[in-house]
Amino acid sequence: MTHREKVGIDAGGTLLKVAFMQKNKLHLEKFSTHDLAAAAAWINETFPEGDICLTGGKSKLLETHLNGKHALTHIVEFDATCAGAHYLRKEQLSGDGPFILTNVGTGTSVHCVDLEVNKRIIGTGVGGGTLLGLSYLLTGEKEYDSIVRKAEQGVRDQIDLKVSHIYEGAEPPIPGDLTASNFGHVLQNPEQHRVEDILASVIGMIGETVTTVSVLAATQCGMTGVVYAGSSFDSNPVLRDVVARYTRIRDCEPYILDNGGYCGAIGAMLSLHVDD
Ligand SMILES: Nc1ncnc2c1ncn2[C@@H]1O[C@H](COP(=O)(O)OP(=O)(O)OP(=O)(O)O)[C@@H](O)[C@H]1O
Ligand SMILES: [Mg+2]
């Protein structure tokens, strides 16, 4: 590639995402941020002289590995993420109105996204990093793909305490299917728990926490639509299911973006296309 490409790069806490257009088609790549030098080598080789817009917490560090021949700009991570979410949502839902955006990255950030203003409402440290860290502490699993695959085989009933477990047949004042206490059933079922069940409960707790925060933000902003993004949803049906179900139980409408981990990179790329 010798002509000047317009490339958006989001170097996050865990993954580095790249977005660029080729022949009017969006291309997406991801790398681990643990080896920024390897990611930079790919960028230097693929786009030796491109226009690059950087975002994300590791973008300054990434810059030190680039070849010095790029035209570099920076965009604030939250602005990039919101712009990218707008783009993907329009593509996938053909919607244009305001919405709550919850980005479940290494950590989780919740925004009110309007056409003109994007406002960060709140965040929580419970996110994709929690998924990896807690899964490792509890089961020794540290590969993301293995964690999400095993969690799919898991059952949460012995580990998590539902409202219906507490009310035991009586009519509960809130839906019995809500979790009353994540991991709160463990001591009542003190046998060895299956790795699959523990992993399902870890992901369940993360999903329920990010949903609770999102729904509160939606209430505060007078909205019902919640768009979820972030690589934590990649190939992760357990998280997708918990988040979608929990959002609906709370009377909001969920939408989990496909390729939502790339919002920041896409938003950064779009900032270079403003004059096109
Ligand atoms: N191949 C993978 N390797 C590691 N984690 C993965 C992978 N695929 C998905 N994940 C999950 O996605 C999470 C990272 O999501 P994302 O890329 O949106 O965050 P980030 O941009 O790196 O972090 P932040 O925005 O908080 O700085 C990980 O914590 C993990 O749970
Ligand atoms: Mg990120």
Side-chain angles (χ1 to χ4, degrees), residues 8-19 28-36 38-40 42 53-62 74-85 87-88 101-111 113 118 120 122-139 141-152 198-210 213-214 227-240 242-243 256-271:
I9 298 177
D10 174 12
T14 309
L15 298 172
L16 181 148
K17 283 78 60 179
V18 182
L28 303 169
E29 296 282 343
K30 74 177 166 209
F31 301 86
S32 167
T33 36
H34 295 304
D35 194 354
L36 275 181
W42 182 88
C53 181
L54 295 168
T55 194
K58 299 258 187 250
S59 56
K60 283 286 171 195
L61 201 54
L62 172 70
H74 287 265
I75 181 171
V76 176
E77 175 177 353
F78 300 135
D79 293 342
T81 307
C82 292
Y87 175 92
L88 287 180
L101 172 67
T102 297
N103 186 38
V104 188
T106 310
T108 299
S109 197
V110 182
H111 310 260
V113 182
N118 306 315
R120 185 173 186 273
I122 196 133
T124 164
V126 175
T130 317
L131 187 162
L132 294 173
L134 208 50
S135 295
Y136 176 64
L137 281 181
L138 293 175
T139 69
E141 284 289 345
K142 53 178 153 188
E143 294 300 324
Y144 176 79
D145 289 334
S146 169
I147 292 168
V148 294
R149 242 183 304 112
K150 286 190 174 161
E152 267 189 89
I198 295 170
L199 294 174
S201 289
V202 167
I203 295 179
M205 183 178 70
I206 294 161
E208 289 165 9
T209 304
V210 302
V213 174
S214 308
V227 173
Y228 292 94
S231 309
S232 306
F233 291 100
D234 288 359
S235 312
N236 191 347
V238 176
L239 188 68
R240 285 171 174 263
V242 168
V243 163
I256 301 168
L257 291 172
D258 286 335
N259 289 324
Y262 292 93
C263 283
I266 292 170
M269 179 198 71
L270 291 174
S271 76

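Order of listing sets the numbers, starting from 1, for every ligand and every atom in it. As the structure is a computational prediction, the values presented were derived from the model and not from experiment.
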Where does Thr33 meet ligand 1, judged by heavy-atom distances below 4.0 Å: at the side chain, the backbone, both, or neither?
neither

Are Ser109 and Arg120 packed together at the side-chain level, in the sense that at least one heavy-atom pair is separated by less than 4.5 angstrom?
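Of all side-chain heavy-atom pairs linking Arg120 with Ser109, at least one is under 4.5 Å.
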
Side chains of Tyr144 and Asn236, heavy atoms from C-beta outward: is any pair under 4.5 Å?
yes

For [X] versus [Y], what's the shortest heavy-atom pair and its separation?
X	Y	value
Gly13	Lys58	O-CE, 4.2 Å
Glu77	Gly56	OE1-CA, 3.9 Å
Leu101	Ala229	CD1-CB, 4.0 Å

Report yes or no: does [X] have a heavy atom closer than 4.0 Å to ligand 1?
X	value
Ser232	yes
Glu143	no
Lys17	yes

With a 3.5 Å distance limit and no angle check, can you tell me whether [X] reaches the backbone of [Y] through a side-chain donor-acceptor pair?
X	Y	answer
Ser135	Leu132	no
Thr106	Gly128	no
Thr55	Ile75	yes

Does ligand 1 come near enough to [X] that some N or O of the ligand is less than 3.5 Å from an N or O of the residue?
X	result
Gly105	no
Asp234	no
Gly230	no

Give the numbers and elements of all ligand 1 atoms closer than 4.0 Å to a heavy atom of [X].
X	result
Gly12	20 (P), 21 (O), 22 (O), 27 (O)
Glu77	25 (O)
Gly129	29 (O)

Looking only at protein heavy atoms, which one is nearest to [atom], and what is the separation?
atom	result
atom 23 (O) of ligand 1	Thr106 OG1, 2.6 Å
atom 27 (O) of ligand 1	Gly13 N, 2.8 Å
atom 1 (N) of ligand 1	Leu15 CD2, 4.4 Å

Starting from the C-alpha separation in whole Å, work towards a yes-or-no answer on side-chain hydrogen bond (donor to acceptor under 3.5 Å, both in side chains) for Thr124 and Thr108.
CA-CA 5 Å; Thr124 164; Thr108 299; 5.8 Å; no

Out of [options], whose heavy atom is nearest to [atom]?
atom	options	answer
atom 29 (O) of ligand 1	Ala265, Gly128, Ala229	Gly128
atom 30 (C) of ligand 1	Tyr144, Phe78, Phe233, Tyr262	Tyr144
atom 18 (O) of ligand 1	Gly107, Ser135, Ser231	Ser231

Would you mind checking if Glu141 and Lys150 are paired as a salt bridge, meaning a charged N to carboxylate O distance below 4.0 Å?
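The answer is yes: the pair qualifies as a salt bridge.
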
